[in-house]
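All of these numbers come straight from a predicted model, not from anything done at the bench. Each chain gets a letter, A, B and so on, in the order the sequences are listed, and its residues count up from 1.
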Amino acid sequence: MRLSRYFLPILRENPKEAEIVSHRLMLRAGMIKQEAAGIYAWLPLGLRVLNKVNAIIREEQNRSGALEIMMPTVQSADLWRESGRYEDYGKEMLRIKDRHERDMLYGPTNEEMVTDIFRSNVRSYKDLPLNLYHIQWKFRDEVRPRFGVMRSREFLMKDAYSFDLDYAGAKHSYNKMFVAYLRTFARLGVKAIPMVADTGPIGGDLSHEFLILASTGESEVFCHKDYLGFTPPAADVDFDDVAGLQGIVDKWTSLYAATSEKHDAAAFEALPADAKVSARGIEIGHIFYFGTKYSAPMKATVNGPDGKDVPVHMGSYGIGPSRVVAALIEAGHDEAGIIWPDAVAPFQVGIANLKVGDGTTDAACAKIYKALTAAGIDVLYDDRDERPGAKFATMDLIGLPNQVIVGPKGLAEGKVELKNRRTGARDLVSVDDCLVRLTGREP
RNA sequence: CGGGGCAUAGCGCAGUCUGGUAGCGCGAUAGUUUUGGGAACUAUAGGUCGCAGGUUCGAAUCCUGCUGCCCCGACCA
């Protein structure tokens, strides 16, 4: 992508409403635009990141055996009356009437609807286990939305729902998502720690929150330091291996980890002094097992091996990709701007042409741009007629992990500068060496 | 939902007390000179002063009502 043809409305000054760093940087980098309280439009740069986050989540959900569907944002109130939540959910639910005066709502979550899909189509225990998920916009009419997309009213959520014959099966489904989440967050470039959680209005008695540590987090967390050094499950983990998955979950729940709501001060104090981590955290995932809470009232039953109908055991599993984007910034930034993990960076490489109009630099940039693009790498080529300082500032602000700086000084020696955003390291290399290092292959 | 603020150009703000016909910085656009960490000069564009009513010869400014947004707390993915 040539920056001169891109839509990147960068702000030099901080918008006054943005208090926390991720909100500030997302606005300054032209990733989002607020349209109403807690409601945001995603601009090209922001959408790129959001889509990359979604892609990783999707791959790991699919790997675990979950099946992607797409449920609507607008739902009929009738389903929610069946579960009893139409009254219980309160003012956080955005209620709508259609032209026929029918009660509708903008979905805050999808347990009822997915349960309806299930009961309409599944009759036998032989069709279990089943896990259906989608990535869809939700609306929760927060009393006080804040922190940009971190706590917005409209937000994107990946929500998965598992269906099993009994508790043992449901526990395995729960473990699959637990492991999938560990892999997902590791691939997103963050250390997420599972913590015992309250189940809140969703209900149920088995639940974990996944939190990443960040000084601006809304939650107060306490955990054992060793979690930060744990190795996430490998890509070839066998999701059908019941004992194997349980082993992974056991390991990741063996040490102390809790948010303030579930904090056990005595247990935490018993940890060795050098193992205690007391910090702030951001919740980026939450998984629940809630048994027959919805399947029983909504009559989502299957015929068991003994020929009797039983309500299925369910769980739900959520990740907020839009919040994840903000959380990644909270966890990765410096004075100059965002530092993206490679996996979700909007562009892997930025090319800064320091002297647009100079034949030599233009040609070198064009060669690099063409070669990287041909290698399937997302490249942002800053071909604007701007001074070098402005280009450096832009690249750093939007956080491109690898920056190729092409100017007359370096080219006089046949070299370009390869800069790593995270470490700040700069290497003077030939154009060919630069391409080898960025593409991992010989020209 | 309690408490406190704010609303004037794309962004940040002054002007409001004391009514007199719209201003600053940054940004944008064009040109020139520049060019290795957010350049200088010149020119240009851009605002029904949140909305509606009222007072007045005259309202960004005073009065009334409304709306939107932000912050703190409680609540929450």
Out of [options], which has the shortest distance to the side chain of [X]?
| X | options | result |
| --- | --- | --- |
| Arg387(A) | C69(B), A39(B), A77(B) | A39(B) |
| Pro15(A) | G37(B), G12(B), G38(B) | G12(B) |
| Asp396(A) | G12(B), G37(B), G38(B) | G37(B) |
| Ala390(A) | G37(B), G38(B), C11(B) | G38(B) |
| Glu386(A) | G36(B), C72(B), A28(B) | A28(B) |
| Val143(A) | C1(B), C69(B), G12(B) | C1(B) |
| Thr394(A) | G38(B), A74(B), G36(B) | G38(B) |
| Arg146(A) | A74(B), G38(B), U34(B) | A74(B) |

Using the [atom1] atoms only, state how far [M] lies from [N], rounded to an integer number of Å.
| N | M | atom1 | answer |
| --- | --- | --- | --- |
| C6(B) | C17(B) | P | 15 Å |
| C57(B) | A52(B) | P | 23 Å |
| U42(B) | G54(B) | C1' | 47 Å |
| A22(B) | A60(B) | C1' | 9 Å |
| C62(B) | G27(B) | P | 33 Å |
| A40(B) | U34(B) | P | 16 Å |
| A7(B) | U35(B) | P | 43 Å |
| U8(B) | C13(B) | C1' | 9 Å |

Would you check if His208(A) and Val249(A) make a side-chain contact, meaning some heavy-atom pair closer than 4.5 Å?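 His208(A) does not reach Val249(A) side chain to side chain.
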Can you find a heavy atom in the side chain of Lys391(A) that is under 4.5 Å from one in the side chain of Val356(A)?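 Yes; the side chains approach each other to less than 4.5 Å.
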Do we get Arg95(A) above Tyr89(A)'s six-membered ring, with its NZ or CZ under 6.0 Å from the centre and within 45° of the axis?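 Pair Arg95(A)/Tyr89(A) does not count as cation-pi.
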Could you state the [atom1]-[atom2] distance from [X] to [N], rounded to the nearest angstrom?
| X | N | atom1 | atom2 | result |
| --- | --- | --- | --- | --- |
| Arg140(A) | C75(B) | CZ | C1' | 13 Å |
| Arg144(A) | G4(B) | CZ | P | 15 Å |
| Tyr40(A) | C69(B) | OH | P | 10 Å |
| Phe147(A) | C70(B) | CZ | P | 12 Å |
| Arg24(A) | C70(B) | CZ | P | 16 Å |
| Lys158(A) | A77(B) | NZ | P | 16 Å |
| Lys16(A) | A14(B) | NZ | C1' | 13 Å |
| Leu27(A) | C26(B) | CG | C1' | 17 Å |

Residue whose closest nucleotide on RNA chain B lies nearer the 5' end, Asp385(A) versus Gly389(A):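 Result of the comparison: Asp385(A).
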With nearest nucleotide decided by heavy atoms, which residue, Lys391(A) or Gly320(A), maps closer to the 5′ end of RNA chain B?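 Going by which nucleotide is closer to the 5' end, it is Lys391(A).
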Using only heavy-atom distances, decide whether a donor-acceptor pair under 3.5 angstrom links the side-chain of [X] to the base of [N].
| X | N | answer |
| --- | --- | --- |
| Arg28(A) | G38(B) | yes |
| Asn14(A) | G12(B) | no |
| Lys419(A) | G36(B) | no |
| Glu13(A) | G25(B) | yes |

What does [N] pair with, Watson-Crick or G-U, if both distances are under 3.5 Å?
| N | result |
| --- | --- |
| A45(B) | none |
| A14(B) | none |
| G2(B) | C72(B) |
| C57(B) | G20(B) |
| U32(B) | A40(B) |
| U64(B) | A52(B) |

Can we call the ring centroids of Tyr167(A) and Tyr289(A) under 6.0 Å apart?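 Judged by ring-centre distance (under 6.0 Å), Tyr167(A) and Tyr289(A) do meet the cut-off.
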Are Phe347(A) and Tyr6(A), when compared by the centres of their aromatic rings, separated by less than 6.0 Å?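 For Phe347(A) and Tyr6(A), the ring centres are under 6.0 Å apart.
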For [X], report the nucleic acid contact type (base, sugar-phosphate, nothing); a contact means any heavy atom under 4.0 Å.
| X | result |
| --- | --- |
| Gly410(A) | base |
| Ser322(A) | nothing |
| Ile284(A) | nothing |
| Gly407(A) | base |
| Glu17(A) | sugar-phosphate |
| Glu19(A) | sugar-phosphate |

Going by number, which of residues 341-368 of chain A have a non-hydrogen atom under 4.0 Å from RNA chain B?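 Contacting residues: Leu354(A).
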Establish, with yes or no, whether the OP1 or OP2 oxygen of G27(B) is under 4.0 angstrom from a side-chain nitrogen or oxygen of Arg12(A).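 Answer yes for this pair, as a side-chain N or O of Arg12(A) is under 4.0 Å from OP1 or OP2.
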Side-chain N,O (Lys91(A)) to OP1/OP2 (C1(B)) below 4.0 Å: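 Yes, such a contact exists.
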Check: [X] side chain, [Y] main-chain N or O, donor-acceptor pair, under 3.5 Å:
| X | Y | value |
| --- | --- | --- |
| Trp340(A) | Leu328(A) | no |
| Tyr161(A) | Asn110(A) | yes |
| Arg153(A) | Pro145(A) | no |

Ring centroids of Phe155(A) and A77(B) base under 5.5 Å with planes under 30°: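 Yes; by the centre-distance and plane-angle rule, Phe155(A) counts as stacking on A77(B).
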Name the orientation class of the two ring planes belonging to [X] and [Y] (parallel below 30°, tilted from 30 to 60°, perpendicular beyond 60°).
| X | Y | value |
| --- | --- | --- |
| His286(A) | Phe288(A) | parallel |
| Trp42(A) | Trp137(A) | tilted |
| Phe222(A) | His263(A) | parallel |

Other residues, nucleotides, ligands: >12 heavy atoms within 6.0 Å of Lys251(A) NZ: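 Enclosed: over 12 neighbouring heavy atoms sit under 6.0 Å from NZ of Lys251(A).
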